[in-house]
Colleague: 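Quick one: structure below, then a few questions.
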Number of protein chains: 2
Amino acid sequence: MPAPTTVELLWGTQQRPKRGPKPALSLDRIVTEANALADAEGLASLSMQRLAERLGFTKMSLYRYVPGRAELTALMLDAAIGTAPAPSDSAPEHWRAGLQVWAETIFERYSAHPWAIELTTGQRPIGPNELGWMESALVTLAGTGLTGSERLDSIVLFNGHVRSLVQQLASTAGSSAEYASQLAETMSAAGDQYPATVAAFAEELAGGGRDNALQFGIDRILDGLAVLIARRTALNCDGD
Amino acid sequence: MPAPTTVELLWGTQQRPKRGPKPALSLDRIVTEANALADAEGLASLSMQRLAERLGFTKMSLYRYVPGRAELTALMLDAAIGTAPAPSDSAPEHWRAGLQVWAETIFERYSAHPWAIELTTGQRPIGPNELGWMESALVTLAGTGLTGSERLDSIVLFNGHVRSLVQQLASTAGSSAEYASQLAETMSAAGDQYPATVAAFAEELAGGGRDNALQFGIDRILDGLAVLIARRTALNCDGD
DNA sequence: GGAAGCTGTGTCTACCGGACACAAATTAGA
DNA sequence: TCTAATTTGTGTCCGGTAGACACAGCTTCC
């Protein structure tokens with residue numbers, strides 16, 4: 001019985017062996033409970049021991065289903081982001097609204113499971129759901145006249161913005177007051193060396209201090225893409 | 001002797017005690033060697049034990065200088081990104097070139113120490129160097145007519161893009177061939193469910209497959225900011 | 001009815017971060 | 001100059017982690 005690889009687990013290409021007792025656990029149950037545990041207490045509090053206790057089994061029994069922690073977290077990530085919603089309207093002129101929804105939706109998914117972000121680092125096999133999100137965005141971008149590289153780079157750009165925001169907001173969500181006071185203390189101690197920073201924060205506070213960083217970034221990226229798409233379209237018309 | 005906090009360590013507001021033997025180590029040496037170890041073998045291979053062996057001391061002696069691993073990594077991060085280069089030309093009309101250089105430079109810093117990226121997650125005190133980078137970008141954006149919130153959100157946008165790229169490129173740097181073959185295998189197995197993805201990658205390969213994702217993202221963000229800045233400038237002129 | 005093969009379990013190792021007590025070193029004050 | 005106070009580096013210990021391995025019991029095939 002060779003241990004299944006991460007790819008085999010992610011894409012479900014393993015078959016049940018014929019002989020032997022029927023397994024009392026399942027991969028789905030394990031991953032579901034692992035995600036629930038991570039949602040409740042964070043990824044750092046997730047250990048094979050604690051997960052096994054939650055499932056009512058011993059630690060080593062989990063290794064019959066998952067080769068190790070790395071493979072488990074890979075499955076957790078793909079389960080956390082879930083299936084991508086089908087692009088509602090793939091007409092080429094609606095790419096802007098489509099990407100807007102795409103970015104907001106994946107932001108909500110990641111926000112519901114902030115621990116999933118740190119699992120997206122490092123070289124790793126891509127899962128079906130993750131690929132589905134990419135496919136969804138690429139369908140929306142299909143008729144824009146952008147090249148394949150540009151379409152892929154656009155997704156990287158959106159992904160980076162959304163994930164960066166989730167990380168930042170999730171970390172300051174619990175205790176933004178404490179965070180703000182700490183920042184204020186630093187500013188009052190060494191603020192004279194950072195005048196532009198002090199000015200920017202002061203102006204932000206005066207203006208209400210609402211955090212629309214997510215929408216701001218989405219709008220800027222969409223505007224930037226629109227500039228490029230318009231240029232491409234103009235060139236194509238000239239060429240015809 | 002209360003243990004120094006992360007803020008005190010980062011901002012250097014602790015004073016040497018008068019009595020007792022002179023310390024044989026120093027915070028600088030510890031952080032320098034820790035960064036060298038992380039550069040060589042990654043953050044996961046950095047343990048207090050291994051760091052102490054590298055320094056020729058015992059593990060527990062390190063705790064005389066650093067309260068714990070979390071504080072150590074906070075110092076490592078600020079040392080890794082280094083001091084921000086002074087904005088060479090802060091004339092308002094040069095914001096575009098200034099941000100271009102800013103993004104490329106911080107990209108190089110993070111690329112030299114990819115492990116530093118994962119240390120930027122979670123709520124944490126900000127260090128002097130990190131604040132210096134923010135100040136540098138805010139100075140460049142000072143004369144653009146953007147509000148304080150918009151200037152801060154712009155930096156978040158650039159930061160997210162750069163860090164996301166570093167993470168992705170650093171992970172695929174060592175074995176891009178293996179990664180490509182794995183992706184090709186997945187595509188050939190399940191590619192019919194992801195036609196737009198297959199098309200985009202095929203087109204990218206046909207076009208040479210150079211990865212200019214960093215520059216692509218920077219250009220789109222700059223274009224998007226230019227649109228907003230032009231709108232602000234036009235409104236201001238109308239208002240006058 | 002074996003025999004083969006799988007499942008869940010208990011035990012074991014190596015490593016991690018960190019607490020705590022202690023001897024040596026150094027300085028302040030008498 | 002001598003003593004007491006205080007800091008430094010060290011050795012030992014603890015709880016926790018991931019994972020290896022052998023073993024008993026169950027299930028199915030021949």
Colleague: If you assign B:R50 and A:L25 each to the DNA chain C nucleotide with the nearest heavy atom, which residue ends up on the more 5' nucleotide?
Modeller: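 Result of the comparison: A:L25.
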
Colleague: Decide whether A:T121 and B:Q167 meet the rule of one side-chain donor and one side-chain acceptor closer than 3.5 Å.
Modeller: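 The criterion, which ignores hydrogens and geometry beyond distance, is not satisfied for B:Q167 and A:T121.
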
Colleague: So, does A:S61 get its side chain near the phosphate of C:dG8, meaning an N or O under 4.0 Å from OP1 or OP2?
Modeller: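 Negative; the distance criterion is not met.
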
Colleague: Tell me yes or no: between the side chains of B:D39 and B:W115, is some donor less than 3.5 Å from an acceptor?
Modeller: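 Yes.
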
Colleague: Scan nucleotides 21-30 of chain D nucleotide by nucleotide, 5' to 3', and note B when protein non-hydrogen atoms come under 4.0 Å of the base, S if they reach only the sugar-phosphate, - if neither.
Modeller: BB--BBBBS-

Colleague: Does a salt bridge link B:K59 with B:E53, judged by any charged N lying under 4.0 Å from a carboxylate O?
Modeller: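 Not counted as a salt bridge, because no side-chain N and carboxylate O are separated by less than 4.0 Å.
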
Colleague: Can you check the B:L51 CG to C:dG17 P distance for me, whole Å?
Modeller: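 Nearest whole value for this atom pair: 10 Å.
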
Colleague: Starting at CZ of A:R29 and ending at C1' of C:dT7, how long is that distance when rounded to a whole Å?
Modeller: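 It works out to 15 Å between those atoms.
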
Colleague: Let me know the distance between NZ of B:K59 and C1' of C:dA14, rounded to the nearest Å.
Modeller: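 In whole Å, C:dA14 C1' lies 13 Å from B:K59 NZ.
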
Colleague: I need the A:S154 OG to A:L99 CG distance, nearest 0.5 Å.
Modeller: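 If I round to the nearest 0.5 Å, the distance is 8.0 Å.
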
Colleague: Hey, is the side chain of A:T58 poking within less than 4.0 Å of OP1 or OP2 on C:dG8, counting only N and O atoms?
Modeller: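 Answer no for this pair, as no side-chain N or O of A:T58 is under 4.0 Å from OP1 or OP2.
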
Colleague: Please enumerate all residues that pass side chain to side chain contact (heavy atoms under 4.5 Å, CB included) together with A:R109, with sequence neighbours excluded.
Modeller: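 For A:R109, the residues satisfying side chain to side chain contact (heavy atoms under 4.5 Å, CB included) (neighbours in sequence not counted) are A:W133.
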
Colleague: For the pair A:R124 and A:E130, find out whether any cationic side-chain nitrogen is under 4.0 Å from an anionic carboxylate oxygen.
Modeller: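 Answer for the salt bridge query: yes.
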
Colleague: Just the rounded figure in Å: distance from C1' of D:dG15 to CD of A:Q49.
Modeller: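 Between C1' of D:dG15 and CD of A:Q49: 12 Å.
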
Colleague: Please give, in whole Å, the distance from C:dG18 C1' to B:Y65 OH?
Modeller: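 Interatomic distance, OH of B:Y65 to C1' of C:dG18: 18 Å.
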
Colleague: Taking side-chain contact (heavy atoms from CB on, under 4.5 Å) as the criterion, tell me which of B:L72, B:D28, B:L27 meets it with B:Y65.
Modeller: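 Passing option: B:L27.
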
Colleague: Is the distance from OP1 or OP2 of D:dG9 to the nearest side-chain N or O of B:Y63 less than 4.0 Å?
Modeller: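 Answer no for this pair, as no side-chain N or O of B:Y63 is under 4.0 Å from OP1 or OP2.
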
Colleague: Write down the distance between CD (B:E71) and C1' (C:dG18), rounded to a whole number of angstrom.
Modeller: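 In whole Å, C:dG18 C1' lies 12 Å from B:E71 CD.
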
Colleague: Using whole Å, what does the distance between atom P of nucleotide C:dC15 and atom CZ of B:R69 come to?
Modeller: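 After rounding, the reported distance stands at 16 Å.
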
Colleague: If you pin B:F57 and A:P67 to their nearest nucleotides in DNA chain D, which one's is more 5'?
Modeller: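 Mapping each residue to its closest nucleotide by heavy atoms, the 5'-most match is B:F57.
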
Colleague: Once you round it to whole Å, what is the distance between C1' of C:dT7 and CG of A:L62?
Modeller: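 One finds 13 Å between C1' of C:dT7 and CG of A:L62, rounded.
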
